[in-house]
Amino acid sequence: MPAAVETMAWTGQEPWHREGVKVAPDLTPDEMMIAAELDWTVSKRPSYTIDTPEYGEDSRLIQAPDTFHIVRDSDNAILSSCGNGYIPTQNKQIFDFLTRFASAADFSMETAGSLRGGKSVWALAKVPHSFALPGDDEVKGYLLFHQPHEAGYALTARYTQVRVVCNNTLQLAFNANQASFRMSHINAFDEDMANQAAKVLGLTSESQVDFQEAATFLAGKKAKHDQVLEYVAEIYQPTVLEEYRAQREALGEQAPLVDSFNRYPKLAVEALERAPGALLESSKGTWWGALNAVTYVEDHLREGENAVYNSLMGEGSKRKAKALKLATTYAEAA
C-alpha cells in the first residue's frame, strides 16, 4: 500500500490515501482493533549469530549478549532490534485502555491502523469538543494514540484537532504537556501507567479551550502577504529567510522572497488560495488561513512511503506544531 499503510480501518470521511476498509461509525475499541487487523502480538526474542566468519556446516549459533529483536508473532516479521531493558506493549493493551477511557471521555473510534510494516500502530478517536469559526469553518477534537513496536520510540497519546473542510490535522501547541502522555518502553503499560495516562488525558477540556481561543484569535487577525511569505520561509527554509533579511537590510530592493522557495514552501503559498477552505471568511487573508496552508501541505501534498506517519507522528507533525506557534507570534505582532 502507498503511504506506508499496512492495514487500516476508518469511519467518517475517506482518508486522502484511500487505503483501508470503511467500518460502521459505532465500533467499540476492540471491534476497531479487529477491523484494522491489529489483533496480533509481539514478543522480545534473543538475537543470535554464528561462531564462524562465514556460515558453513560446522557453524554453530551463539547468542548475542544484551541484543534482542521485537518480532510479530503472527508472521515472524522482525520489527526492530532492542536491548534487554525493552518491555513490549501489546496492541490489545492500548485498545483495552481506550475501552476504559471511552466511557469517561465519551469518545468514539474514528480510525486505527498499522504503518511501516507494523512498526507503528495508531488509533484516532473523536472527542465531544468541537467549534466553528466564521464561515462555518468547523474544527473537531480527537485523541491520537501511537504505539511504536520499535526501540527508541515512545508510546504517546495526545489531543489533536481536525479541520473538517480540508481534513487537516492541527497540533495542540498551547499547554501541550497538559494533554499529552508519553511512556518509554523501559516501562510497562501496566495499571499504574494506565492511570497516569488517564489522569493526563483527563485535562482535555482546558487544552481544547486553549486551542479554540488560539484559532479564533488567528482567524480574526489579517495577514499581509509579505509577512506570510516570511512565515512560510521560517518554517521550511529559515536559512533562505536569514539571507533575504540580511540582503534587504544591506541592499534594500531585491528579488521576491518566493523566488528562492523550493517545492514545499511554494505549495504552501499556492494553498493560500487553492486549498479547500482557503476562501472561507475565517481563512482568506488571515493567519488562520496561513496556518492551514502549511497543514494542508503536510497532510495532503507530502510524498513518500512514510507520509501518513510523518503527518501524524513524525517530522510533518513537528512542522505543524511549529507553524501554529509561529502563526500566533506573527499575529500578535500584527
Side-chain angles (χ1 to χ4, degrees), residues 12-13 101 104-108 110-111 122-146 156-182 197-223 231 235 268 271 275-278 280-284 286-300 311-314 316-334:
Q13 186 173 347
F101 195 66
D106 190 24
F107 68 64
S108 58
E110 186 89 354
T111 185
W122 95 102
L124 190 68
K126 185 171 65 173
V127 299
H129 187 274
S130 65
F131 62 91
L133 298 171
D136 293 326
D137 190 356
E138 188 177 8
V139 179
K140 294 183 177 180
Y142 288 83
L143 169 65
L144 174 63
F145 220 116
H146 174 224
T156 58
R158 60 178 169 81
Y159 283 95
T160 187
Q161 307 281 341
V162 174
R163 189 184 184 211
V164 175
V165 68
C166 53
N167 209 29
N168 290 357
T169 53
L170 299 144
Q171 307 307 101
L172 280 171
F174 294 88
N175 296 325
N177 291 333
Q178 293 184 354
S180 63
F181 171 78
R182 181 182 180 88
K199 183 177 180 180
V200 170
L201 296 175
L203 297 170
T204 173
S205 297
E206 182 177 345
S207 297
Q208 299 279 0
V209 169
D210 286 346
F211 185 86
Q212 181 175 346
E213 291 176 353
T216 303
F217 173 70
L218 294 175
K221 281 288 186 176
K222 293 298 180 181
Y231 163 74
I235 295 167
L280 291 178
E281 181 183 349
S282 61
S283 298
K284 186 172 177 57
T286 71
W287 282 107
W288 175 249
L291 167 63
N292 278 279
V294 173
T295 57
Y296 179 76
V297 169
E298 295 303 321
D299 283 355
H300 302 285
S311 171
L312 293 176
M313 282 82 71
S317 174
K318 294 176 183 177
R319 278 188 289 269
K320 288 186 287 185
K322 180 180 180 180
L324 176 54
K325 291 180 180 179
L326 277 177
T328 305
T329 299
Y330 275 87
E332 288 173 344

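Every heavy atom of this structure was used, including side-chain atoms; hydrogens, water molecules and symmetry mates were not. For reference, positions follow the sequence shown, starting with 1.
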Over all heavy atoms of both residues, which pair between [X] and [Y] is shortest? Give the atoms and the distance, please.
{"X": "Phe107", "Y": "Lys126", "answer": "CB-O, 2.8 Å"}
{"X": "Ser311", "Y": "Lys320", "answer": "O-NZ, 2.9 Å"}
{"X": "Ser283", "Y": "Trp288", "answer": "OG-CD1, 3.5 Å"}
{"X": "Ala293", "Y": "Ala268", "answer": "CB-O, 3.4 Å"}
{"X": "Pro276", "Y": "Val165", "answer": "CB-O, 3.6 Å"}
{"X": "Ala157", "Y": "Leu143", "answer": "CB-CD1, 4.4 Å"}

Are the side chain of Lys284 and the backbone of Gly289 linked by a donor-acceptor contact shorter than 3.5 Å?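 Answer holds: no.
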
Say whether, by atom type as modelled, one donor and one acceptor occur between the side chain of Arg163 and the main chain of Thr295 under 3.5 angstrom.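 Such a contact is absent between Arg163 side chain and Thr295 backbone.
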
As an exercise, state the distance from [atom1] of [X] to [atom2] of [Y], rounded to the nearest 0.5 Å.
{"X": "Asn292", "Y": "Leu280", "atom1": "CG", "atom2": "CG", "value": "9.5 Å"}
{"X": "Thr328", "Y": "Leu218", "atom1": "OG1", "atom2": "CG", "value": "4.5 Å"}
{"X": "Ser108", "Y": "Leu124", "atom1": "OG", "atom2": "CG", "value": "9.5 Å"}
{"X": "Leu133", "Y": "Gln212", "atom1": "CG", "atom2": "CD", "value": "8.0 Å"}
{"X": "Phe211", "Y": "Tyr159", "atom1": "CZ", "atom2": "OH", "value": "15.0 Å"}
{"X": "Phe131", "Y": "Lys140", "atom1": "CZ", "atom2": "NZ", "value": "12.5 Å"}

I'd like to check Thr329 versus Tyr231 (side-chain heavy atoms, cut-off strictly below 4.5 Å). Are they in contact? no

State whether Glu298 and Arg319 are salt-bridged, where the test is any N-O pair (Lys NZ or Arg NE/NH1/NH2 against Asp/Glu carboxylate O) under 4.0 Å.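 The answer is yes: the pair qualifies as a salt bridge.
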
Which residues pass the salt bridge (charged side-chain N to carboxylate O under 4.0 Å, His left out) test with Lys222, not counting sequence neighbours? none

Verdict with supporting geometry, Ser317 and His146, side chain to side chain contact (heavy atoms under 4.5 Å, CB included): CA-CA 13 Å; Ser317 174; His146 174 224; over 6 Å; no

